[in-house]
Protein chains: 2
Amino acid sequence: MIEEKTVRDEELNEELLMELLERGEVETFREEFLSYHPYDQAVFYEKAEPEMRELLYQYLSPKEMALIFAAIDLDDEEYEEFFKELNSIYAADMLSNMSTDDAVDVLNNLNKEQVATYLSIMDKESARQIKDLLHYEEYTAGSIMTTEFVAIPQNSTVRSAMNILRNAASKAETIYYVFVIDSERKLTGIVTLRDLIIADEDTLISSIMSERVVSVSVGEDQEEVARMIKDYDFLAMPVVDFQNHLLGIITVDDIIDVLDEEASDDYSKLAGVTDMDNFDKGPFTAAKKRLPWLILLTFLGMLTANLMGLFEATLDQVALLAVFIPLIAGMAGNSGTQALAVAVRGIATGDIEEESKVKLLLREAGTGLITGVVCGVVVIGLVYFWKGELLIGILVGTAVMGSIFVATLAGSFIPLLIHRMKIDPAVASGPFITTLNDIISILIYLGLATTFLSQL
Amino acid sequence: MIEEKTVRDEELNEELLMELLERGEVETFREEFLSYHPYDQAVFYEKAEPEMRELLYQYLSPKEMALIFAAIDLDDEEYEEFFKELNSIYAADMLSNMSTDDAVDVLNNLNKEQVATYLSIMDKESARQIKDLLHYEEYTAGSIMTTEFVAIPQNSTVRSAMNILRNAASKAETIYYVFVIDSERKLTGIVTLRDLIIADEDTLISSIMSERVVSVSVGEDQEEVARMIKDYDFLAMPVVDFQNHLLGIITVDDIIDVLDEEASDDYSKLAGVTDMDNFDKGPFTAAKKRLPWLILLTFLGMLTANLMGLFEATLDQVALLAVFIPLIAGMAGNSGTQALAVAVRGIATGDIEEESKVKLLLREAGTGLITGVVCGVVVIGLVYFWKGELLIGILVGTAVMGSIFVATLAGSFIPLLIHRMKIDPAVASGPFITTLNDIISILIYLGLATTFLSQL
């Protein structure tokens with residue numbers, strides 16, 4: 001729901017609540033605890049020890065726990081763990097008391113047996129609604145929509161619409177948008193509660209509704225939905241099937257979570273972390289999440305070492321060459337990451353569309369050329385003034401130029417290519433592109449050095 | 001406003017609109033153009049050539065342009081450019097027709113002379129409201145709030161509250177939250193429109209309002225506000241001064257933009273791009289944004305080269321040593337970036353608080369140890385099987401271990417330190433930490449190699 005109770009004027013008093021729980025003062029505990037916002041209740045629940053949670057299940061009704069679980073955001077394993085503590089009837093009752101979309105969110109984190117058990121115990125109507133939503137593929141509009149919306153026939157009056165709204169008010173996800181449907185449940189318009197309260201009671205809905213409704217198809221990518229809600233400043237968006245039948249709505253609160261997840265996801269991939277750590281977890285969990293990348297990179301690094309081995313003779317002759325390797329590889333890595341970040345975010349925000357890909361590549365080629373030449377000249381100057389070595393300076397500077405140019409192009413080309421192949425471009429993450437650019441730059445540098453070895 | 005017209009069932013027909021504009025068919029153009037959502041109108045306006053924009057100013061009223069400018073998101077230079085095209089009276093009229101927060105957003109992008117001019121022409125009441133908001137420091141709650149909210153005295157009835165709402169409906173930013181104030185304008189409660197429409201008309205507001213209102217102080221960081229709205233699923237949040245006087249509200253649509261900006265910002269800094277490029281801009285603009293980082297890194301890279309120069313004798317004796325430098329530096333860079341990303345995001349999302357900093361460092365030390373040992377052992381194995389060099393393998397492996405350990409610690413320590421110093425931890429960006437870790441790892445590696453040179 002997007003307009004929960006807005007209570008809480010002080011920090012939740014953890015100690016007091018713990019004490020009341022332990023002393024078994026049910027009524028006092030409930031009065032104090034339930035006066036907080038469900039999010040604060042959820043934070044308390046999440047931090048509590050298993051014995052404390054056990055007491056919470058006794059003191060709170062399934063309906064009250066439902067609000068807590070709708071506000072919580074846990075890891076997969078935690079969901080399984082917490083649900084194992086609940087008896088199945090309580091859990092099923094709790095799930096049927098949640099908004100369908102929230103219940104589906106929770107169920108997606110449990111294993112199939114658990115899901116089947118709860119659905120079989122639950123009241124039929126809730127189970128049916130949840131099953132309908134569980135069908136939709138993850139990350140589509142269907143998977144994040146809710147079916148608790150208010151729809152009215154287009155031939156209603158404002159008065160009857162308001163009556164429908166009042167009756168639906170306690171259950172609907174939002175009552176601020178009212179969707180107008182025809183006799184076949186096809187979406188024909190939308191009125192906001194703002195429109196309704198300023199209109200005369202006898203006015204026909206069809207005369208005040210907006211007819212050009214922005215809607216999304218049920219199979220639409222959730223990121224695209226998020227972008228539309230962000231651009232258009234909507235509170236909710238209707239979801240329809242290909243024949244324009246109204247299936248559900250997506251509300252802005254869920255969209256904030258999608259945008260946040262998406263941004264975190266792109267960010268972690270740029271850094272080469274499988275997914276962001278939970279800060280309560282120990283070093284083993286953290287290491288487990290980072291090692292896959294690091295080990296992959298160890299192998300890629302050995303490949304780089306292997307390639308460099310081909311130039312051992314050159315390195316043997318002019319040891320000074322080796323000291324510039326980190327500089328050149330670093331410049332290539334950095335310019336590649338810059339280009340990568342621009343391309344990945346551009347694709348994610350929808351700013352880069354199919355037709356602008358070539359334009360982007362040309363732009364990046366130009367950018368790579370300019371940054372390459374500038375940095376190359378700086379390097380020539382630095383090496384010359386520091387070592388007095390003009391020839392080595394020119395060699396290193398030229399390698400920097402070439403490396404930056406190629407790395408910038410690769411940094412934008414690779415995510416575009418991956419996106420073309422319908423894969424999330426963020427998988428071409430930072431460490432991967434950096435290692436690739438290491439290899440390219442070293443080949444350019446040592447290749448040049450070997451060619452002009454006699455001059456050095 | 002958070003519930004704009006929800007119209008648009010098809011893509012905006014650019015060509016048709018262009019034609020109508022050029023042919024001067026004012027009425028037809030207006031009818032077609034104004035039937036689209038302001039965001040779509042804004043995209044059309046932004047893409048239009050200067051002559052076309054000139055025509056738009058003639059065909060659209062300042063009030064209609066105000067909606068376009070509220071929906072648009074431009075670069076600083078573009079704002080200045082577009083405003084130069086407008087005559088001052090039109091521009092002032094337009095600004096006074098925008099929500100105060102949107103007008104302030106726009107004015108923050110213009111130069112002081114322009115702002116002063118518009119404020120002096122504008123009607124006094126709008127100018128006063130805007131000036132009040134312009135005072136607040138950037139990135140605070142005050143700077144993103146709007147003063148167009150609905151407040152009712154606590155002794156009103158539901159009936160009178162609904163009347164106030166109906167009158168305010170056309171101007172208020174949201175009418176779905178109604179703020180309850182006492183005779184001194186202090187915030188005492190909140191009622192949602194949902195509560196109002198289901199309550200009996202004669203009920204007193206004080207009996208149905210929530211008294212524990214979550215509010216933010218006017219000087220609060222906008223990111224903290226964003227996090228609260230995200231966690232609590234609010235549509236809007238009241239902003240108060242230190243005596244709890246209601247000053248304004250912040251709505252969810254503005255919060256989405258804050259979250260998005262913040263995420264983009266962290267992301268660009270991890271990649272070492274000053275700020276994300278606009279994709280329409282040419283290579284020179286892009287190069288200008290990337291060069292500061294690259295040139296800084298060139299100097300840091302030269303420092304690395306300088307340090308390596310100290311070990312030239314060692315490199316001269318065992319040329320094979322050089323081929324492992326990119327591997328070791330790469331591993332250090334990557335594990336450092338992983339730790340950095342976790343720390344920066346943790347600070348940004350508020351998951352890492354003051355008291356958990358030491359815990360995080362201990363956790364990261366453990367993580368660095370585990371990942372270091374695992375990768376070190378893998379490297380020893382790889383070097384031994386590939387080159388048959390056990391001693392060199394042990395040397396490289398040990399260097400990898402040490403480098404990963406130190407880099408992981410540095411990656412989490414540095415952002416925490418910077419945060420302590422009240423600076424945005426994201427400035428300890430990816431390229432910077434990577435170069436630092438390059439240096440550390442090379443010192444460890446070549447230091448070890450020089451010490452045990454006689455054994456190699």
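Lettering of chains follows the sequences in order, A, B, ..., and the numbering in each one begins at 1.
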Asks: Starting at CG of A/Asp233, measure out to NE2 of B/His37 and round the result to the nearest 0.5 Å.
Replies: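 One finds 6.5 Å between CG of A/Asp233 and NE2 of B/His37.
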Asks: With side chains defined as the heavy atoms from C-beta onward, is the minimum distance between A/Leu165 and B/Arg194 less than 4.5 Å?
Replies: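 Result no, sub-4.5 Å side-chain heavy-atom pair not found.
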Asks: So B/Pro326 and A/Ile442, do their side chains get closer than 4.5 Å, heavy atoms only?
Replies: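 A/Ile442 reaches B/Pro326 side chain to side chain.
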Asks: With a 4.5 angstrom heavy-atom cut-off, which part of A/Val43 approaches chain B: side chain, backbone, both or neither?
Replies: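 Neither the backbone nor the side chain of A/Val43 comes within 4.5 Å of chain B.
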Asks: Using 30° and 60° as the class limits, which term best fits the ring planes of B/Tyr176 and A/Tyr176: parallel, tilted or perpendicular?
Replies: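 Judged by the thresholds at 30° and 60°, the geometry between B/Tyr176 and A/Tyr176 is parallel.
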Asks: Measuring heavy-atom distances to chain B, does A/Ala365 have an atom under 4.5 Å in its side chain, in its backbone, in both, or in neither?
Replies: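 For A/Ala365, neither part sits under 4.5 Å from chain B.
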Asks: Nearest 0.5 Å, please: how far is CG in B/Asp260 from CG in A/Asp260?
Replies: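 With rounding to 0.5 Å, CG (A/Asp260) is 10.0 Å from CG (B/Asp260).
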Asks: Can you tell me how far the CG atom of B/Asp253 sits from the CD1 atom of A/Ile229, to the nearest 0.5 Å?
Replies: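 Here the rounded value is 12.0 Å.
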Asks: Could you check which of A/Leu193, A/Leu446, A/Asp195, A/Val374 has the highest count of heavy-atom pairs closer than 4.5 Å to chain B?
Replies: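 So the answer, after comparing A/Leu193, A/Leu446, A/Asp195, A/Val374, is A/Leu193.
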Asks: Under 4.5 Å between any side-chain heavy atoms of A/Leu259 and B/Ile256, yes or no?
Replies: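 A side-chain contact under 4.5 Å exists here.
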Asks: What distance separates A/Asn306 CG from B/Trp386 CH2, expressed to the nearest 0.5 Å?
Replies: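 Going from the CG atom of A/Asn306 to the CH2 atom of B/Trp386 covers 4.0 Å.
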Asks: Measuring heavy-atom distances to chain A, does B/Val383 have an atom under 4.5 Å in its side chain, in its backbone, in both, or in neither?
Replies: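 Both parts, heavy atoms under 4.5 Å.
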Asks: With a 4.5 Å cut-off on heavy-atom pairs, point out which of A/Ala305, A/Cys375, A/Ala263, A/Ser335 contacts chain B the most.
Replies: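 Of A/Ala305, A/Cys375, A/Ala263, A/Ser335, A/Ala305 has the most heavy-atom pairs under 4.5 Å with chain B.
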Asks: Of the backbone (N, CA, C, O) and the side chain (C-beta and beyond), which part of A/Ile197 lies under 4.5 Å from a heavy atom of chain B, both, or neither?
Replies: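 Contact with chain B: backbone and side chain both.
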Asks: What heavy-atom pair brings B/Arg363 and A/Ala286 nearest, and what distance separates the two atoms?
Replies: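 Result for this residue pair: NH1-CB, 3.7 Å.
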Asks: Shorter than 4.5 Å, heavy atoms on both sides: which option in A/Ile295, A/Val378, A/Leu382, A/Leu307 has the most such pairs with chain B?
Replies: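 Looking at each option in turn, the highest pair count goes to A/Leu382.
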Asks: Of the backbone (N, CA, C, O) and the side chain (C-beta and beyond), which part of A/Asn167 lies under 4.5 Å from a heavy atom of chain B, both, or neither?
Replies: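 For A/Asn167, there is no contact with chain B at all, as no heavy atom is under 4.5 Å.
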Asks: Please classify the contact between A/Phe284 and chain B as side chain, backbone, both or neither, with a heavy-atom cut-off of under 4.5 Å.
Replies: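 Backbone plus side chain of A/Phe284, per the 4.5 Å heavy-atom cut-off to chain B.
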Asks: Of all of A/Val400, A/Asp316, A/Asp231, which one pairs up most often with chain B through heavy atoms under 4.5 Å apart?
Replies: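 Sorted descending by pairs with chain B, the first entry is A/Asp231.
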Asks: Between atom CG of B/Asn334 and atom CG of A/Leu300, what is the distance when rounded to the nearest 0.5 Å?
Replies: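 Rounded to the nearest 0.5 Å, the CG-CG separation comes to 9.5 Å.
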Asks: Just how far is it from atom OG1 of B/Thr367 to atom NZ of A/Lys288, taken to the nearest 0.5 Å?
Replies: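 Here the interatomic distance stands at 13.0 Å.
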Asks: Of the non-hydrogen atoms in B/Gly366 and A/Pro283, which two are nearest, and what is the gap between them?
Replies: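 Result for this residue pair: C-CB, 3.6 Å.
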Asks: Counting heavy-atom pairs under 4.5 Å with chain A, which one of B/Leu297, B/Leu362, B/Leu315, B/Thr304 comes out on top?
Replies: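 Maximum pair count with chain A is reached by B/Leu297.
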Asks: Do A/Phe311 and B/Val323 make a side-chain contact, defined as non-hydrogen atoms from C-beta onward lying under 4.5 Å apart?
Replies: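 No, every pair of side-chain atoms sits at 4.5 Å or beyond.
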Asks: For the candidates A/Ile404, A/Thr371, A/Ile198, which exhibits the highest count of non-hydrogen atom pairs separated by less than 4.5 Å from chain B?
Replies: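 Most pairs with chain B among the choices: A/Thr371.
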Asks: Tell me, for B/Ala42 versus chain A, whether the close heavy atoms (under 4.5 Å) come from the side chain, the backbone, both or neither.
Replies: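 Neither; nothing under 4.5 Å.
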Asks: Return the option, out of A/Leu327, A/Asp438, A/Leu294, with the maximum number of heavy-atom pairs under 4.5 Å with chain B.
Replies: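 It is A/Leu294.
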Asks: Under a 4.5 Å cut-off applied to non-hydrogen side-chain atoms, are A/Met308 and B/Phe324 in contact?
Replies: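 Sidechains of B/Phe324 and A/Met308: no contact.
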Asks: Chain B heavy atoms under 4.5 Å from A/Ile325: which part of the residue, side chain, backbone, both or neither?
Replies: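 A/Ile325 touches chain B through side-chain heavy atoms alone.
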